[in-house]
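Can you read through this structure? Questions will come right after.
Note that the structure is predicted; figures quoted are calculated from it, not measured. The sequence lines fix the lettering, A, B, ..., with proteins before strands; numbering per chain opens at 1.
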2 protein chains.
Amino acid sequence: MTASMNIEAPETAPRARDRFERMHAAIRNRICLLDYAPGTRLSEEALAAEYGVSRTPLRRVLGRLEGEGLLQSVHGVGTFVTDVEIGELIQTYQLRLELAELTGKLSAVAPDEALWQDFRALSARSKAMIDAPDPRRFAQLNMDFFLALLRLTANEPLKDICERLYFQTTRIWLKSVFASRIDLADEVDIFDREVHDILRALEIGDLHAAALIQRAHISMSFERMRRNA
Amino acid sequence: MTASMNIEAPETAPRARDRFERMHAAIRNRICLLDYAPGTRLSEEALAAEYGVSRTPLRRVLGRLEGEGLLQSVHGVGTFVTDVEIGELIQTYQLRLELAELTGKLSAVAPDEALWQDFRALSARSKAMIDAPDPRRFAQLNMDFFLALLRLTANEPLKDICERLYFQTTRIWLKSVFASRIDLADEVDIFDREVHDILRALEIGDLHAAALIQRAHISMSFERMRRNA
DNA sequence: GTTTCTTCTGTTGTGTACAACATAATTGAC
DNA sequence: GTCAATTATGTTGTACACAACAGAAGAAAC
C-alpha cells in the first residue's frame with residue numbers, strides 16, 4: 001500500500017522550481033549565518049559553477065534575494081551582501097517588538113506533537129551549547145528556534161513578514177555577538193534561559209505569555225547589541 | 001545657481017536600474033488597478049516588445065513581482081496574475097488592521113507643506129469623483145490617498161510592509177466593488193467621508209486618531225466586501 | 001612629480017537560440 | 001464511435017555570447 005503510493009508519486013515536482021528553492025535557501029542561509037558577511041562580494045560565475053548551472057538561473061535567485069533586501073547588485077561592479085545602518089536597524093527592531101506581540105495576540109495555535117518533539121530537541125541542543133559554545137552552530141540554533149516558534153502563528157502573512165525581518169536583521173546582531181569571543185558564552189546562557197522560559201509558558205498553554213517573553217528577549221538582545229557597538 | 005545644478009546633474013542614473021523601476025511600477029499598477037485582473041495570463045514576449053526590450057530584463061521584473069506575490073509563473077504554461085482565496089484574505093486584513101494602528105502609534109510624523117498640498121488635491125479629486133464616478137479613476141485615487149497617508153509613517157520597514165499588503169489585497173477588494181455598478185457610487189461616498197474625516201484629524205494634529213479612522217474604514221470596507229461575495 | 005588621458009580588466013546587464021515542459025489537436029487501432 | 005498514443009503548438013526555463021559599465025592600471029604630457 002505504501003509501496004504503491006511511492007511508485008505513483010512523482011508528485012508533480014517541477015525540477016526547475018525545486019532547484020530554485022534549494023539554491024535560494026542555501027545562499028540565504030549563508031548570508032544569514034554570516035558565511036557571507038555584510039559587504040562581501042558574491043561571484044555569480046563561481047556560485048553558478050558550484051551549483052552546476054549557468055548564470056541565468058542563478059541570477060534569478062540573486063534577484064529574489066535582492067528583493068528581500070539581502071543583496072544589492074551594481075552594474076559593472078558586483079553583487080554585494082547588504083549591510084544595515086543603525087537607523088534602519090532601530091526601526092526594524094521596534095517593529096519586530098510589536099509584531100512579536102501580535103503573533104501571540106493574533107490567531108496563535110497550540111503546538112502539535114511534531115512541534116513538541118522539535119522543541120525538546122532544540123532545548124537539548126541549547127543545553128549542550130552551554131558546554132561547547134560555537135558561533136556557527138549558535139547562529140543555526142537561534143534560527144531553528146525562531147522558525148519553530150513561528151510555527152505557532154496561524155496568520156500566514158504575519159509569519160512571512162516576521163521571517164523576512166528576522167533574516168534581514170539577525171545577521172547584524174550575530175556580527176556584533178561574534179565580534180568578541182567572551183560575550184558568546186553569555187549570549188548562549190541568555191538564549192538557553194529564553195528557550196527554557198518560553199517552553200515553560202507553552203507547557204502551561206499560555207501562548208500570549210510566550211510571545212511576551214520572546215518580545216522581551218528581542219528587546220534586550222537589541223539593547224546589548226547597541227551597547228557593544 | 002539652480003541652472004548650474006541642473007547642468008551638473010546627470011545624477012548617476014543607471015539606465016538599466018531606472019528602466020527596471022519604471023517597468024516594475026507600470027506592471028504593478030496594471031495588476032493593482034485591475035487592468036490585469038486576477039487569473040489573467042501575461043505574455044512575456046508581448047510585454048517585452050511593448051517596452052522595447054528582450055525577454056531577459058522583462059523576466060527580471062516578473063520575477064520581482066512574483067516575489068511580491070502578485071504573479072506566479074508555471075513552466076510551460078504561463079505567468080498568471082495571482083488571486084487570493086478568502087482564507088488568506090481574512091488573515092491579511094486582520095493583519096492590516098493591526099498595522100494601521102501601529103502606523104499611528106509607532107513614530108508618525110506631522111505632514112509637511114508638500115504633503116498638505118497633495119492632501120488638498122486628493123480631497124478635491126474625491127469631491128469631484130462623487131459627481132462622476134469612474135471605476136479606474138476611483139481605484140487610482142484610492143491608491144494615491146493610501147500612499148499619501150503612508151508618508152506620515154517614519155518607520156521605513158513598516159511602510160514597506162503596509163505598501164506590500166495593500167498591493168496584495170486591494171485589487172481583490174476592487175474586483176468586488178466593480179462587480180456591481182450601483183455600489184460604486186456608495187463606495188465613492190464612503191471614501192470621500194473617510195478622506196474628510198482623516199484630514200480633519202490631521203488638521204487637529206491627532207495622528208493616532210487619523211490612524212484609528214483609517215483602521216475603521218479598512219475594517220468596514222472588508223466587511224462590505226465579504227457580504228457582497 | 002603630478003595630472004590627465006587612455007587602455008585594460010573584470011563585473012553585471014542584454015539579446016538570442018534552444019531545451020524542457022504542459023496542453024491541445026490529431027491520428028490510429030479496435 | 002471510443003479511447004489511447006502521438007504529434008503539434010505555445011509557453012517558461014536555460015545556456016552562451018556579447019554589450020554596457022565602473023574602476024584600476026598604465027602611459028603620456030608638462
Subject >> Contacts of type salt bridge (charged side-chain N to carboxylate O under 4.0 Å, His left out), residue A:Arg125, not counting sequence neighbours >> reply: A:Asp144

Subject >> Derivation and outcome, side chain to side chain donor-acceptor pair (under 3.5 Å), residues A:Ser219 and A:Arg96 >> reply: CA-CA 9 Å; A:Ser219 177; A:Arg96 283 191 60 194; over 6 Å; no

**OP:** To the nearest 0.5 angstrom, please state how far the CG atom of B:Asn155 sits from the CG atom of B:Leu99.
**Re:** 10.5 Å

Original post:
Between which residue ranges does DNA chain D form stems of three or more consecutive Watson-Crick or G-U wobble pairs, both distances under 3.5 Å?
Top reply: C:1-30 with D:1-30

**OP:** Identify the 5'-most and 3'-most nucleotides of DNA chain C with at least one atom closer than 4.0 Å to a non-hydrogen atom of chain A.
**Re:** C:dG10 to C:dC21

Subject >> Whole-Å distance separating the CG atom of B:Leu71 from the C1' atom of D:dT12 >> reply: 13 Å

Atom pairs, protein N/O to nucleotides 7-10 of chain D N/O, distance under 3.5 Å:
unit_1, atom_1, unit_2, atom_2, d
D:dG10, N2, B:Gly76, O, 3.0

Subject >> Qualifying ring pair (Phe, Tyr, Trp, His ring centres under 6.0 Å) pairs with a residue from residues 60-80 of chain B, counting only residues at least two apart or across chains >> reply: none

**OP:** Would you please say whether a donor-acceptor pair under 3.5 Å links the side chains of A:Thr92 and A:Thr169?
**Re:** no

**OP:** May I ask you to decide whether B:Arg136 forms a salt bridge with B:Asp35, counting only side-chain N to carboxylate O separations under 4.0 Å?
**Re:** yes

**OP:** List in chain and number order the residues that pass salt bridge (charged side-chain N to carboxylate O under 4.0 Å, His left out) with A:Arg17, two or more places apart in sequence or in another chain; answer none if no residue qualifies.
**Re:** B:Glu66

**OP:** Can you sort out which residues in residues 54-61 of chain B have a heavy atom within less than 4.0 Å of DNA chain C? Ascending by number, please.
**Re:** B:Ser54, B:Thr56, B:Pro57, B:Arg60

Original post:
With sequence neighbours left out, what residues match B:Phe178 under ring-ring contact (aromatic ring centres under 6.0 Å, His included)?
Top reply: none

Original post:
Of A:Val53 and A:Val74, whose nearest nucleotide on DNA chain D comes first from the 5' end?
Top reply: A:Val53

**OP:** In whole angstrom, give the distance that lies between atom CD of A:Glu45 and atom P of D:dC16.
**Re:** 11 Å

**OP:** Under 4.0 Å between any heavy atoms, over every strand shown, what does A:Ser43 touch: base, sugar-phosphate, or nothing? Just pick one.
**Re:** nothing

Original post:
Restricting to pairs with a member in residues 145-166 of chain A, which pass ring pair (Phe, Tyr, Trp, His ring centres under 6.0 Å), not counting sequence neighbours?
Top reply: A:Phe145-A:Phe191, A:Phe146-A:Tyr166

Original post:
If you take all heavy atoms of B:Ala110 and B:Leu152, which pair is closest and at what distance?
Top reply: C-CD2, 4.4 Å

Original post:
Nearest-Å distance, CE (A:Met23) to P (D:dG13)?
Top reply: 14 Å

Subject >> Interatomic distance, A:Arg17 CZ vs D:dT12 P [rounded to whole Å] >> reply: 13 Å

Original post:
Whole Å only: how far is the CD atom of B:Glu66 from the C1' atom of D:dT12?
Top reply: 11 Å

Original post:
Of all residues at least two apart in sequence or in a different chain, which pass the salt bridge (charged side-chain N to carboxylate O under 4.0 Å, His left out) check with A:Glu21?
Top reply: none

**OP:** Check whether any side-chain heavy atom of B:Glu187 sits under 4.5 Å from a side-chain heavy atom of B:Phe138, and report yes or no.
**Re:** yes

Original post:
Which residue pairs pass the salt bridge (charged side-chain N to carboxylate O under 4.0 Å, His left out) test when at least one of the two sits in residues 76-89 of chain A, sequence neighbours left out?
Top reply: A:Asp83-A:Lys175

**OP:** Kindly state each residue pair satisfying salt bridge (charged side-chain N to carboxylate O under 4.0 Å, His left out) with at least one member in residues 38-55 of chain A, sequence neighbours excluded.
**Re:** A:Arg30-A:Glu50, A:Glu44-A:Arg55, A:Glu44-A:Arg59

**OP:** Identify whether any heavy atom of B:Leu42 sits under 4.0 Å from a base atom; if not, whether one sits that close to sugar-phosphate; answer base, sugar-phosphate or nothing.
**Re:** sugar-phosphate

Subject >> Between P of D:dT12 and CZ of A:Phe20, the distance in whole Å >> reply: 16 Å

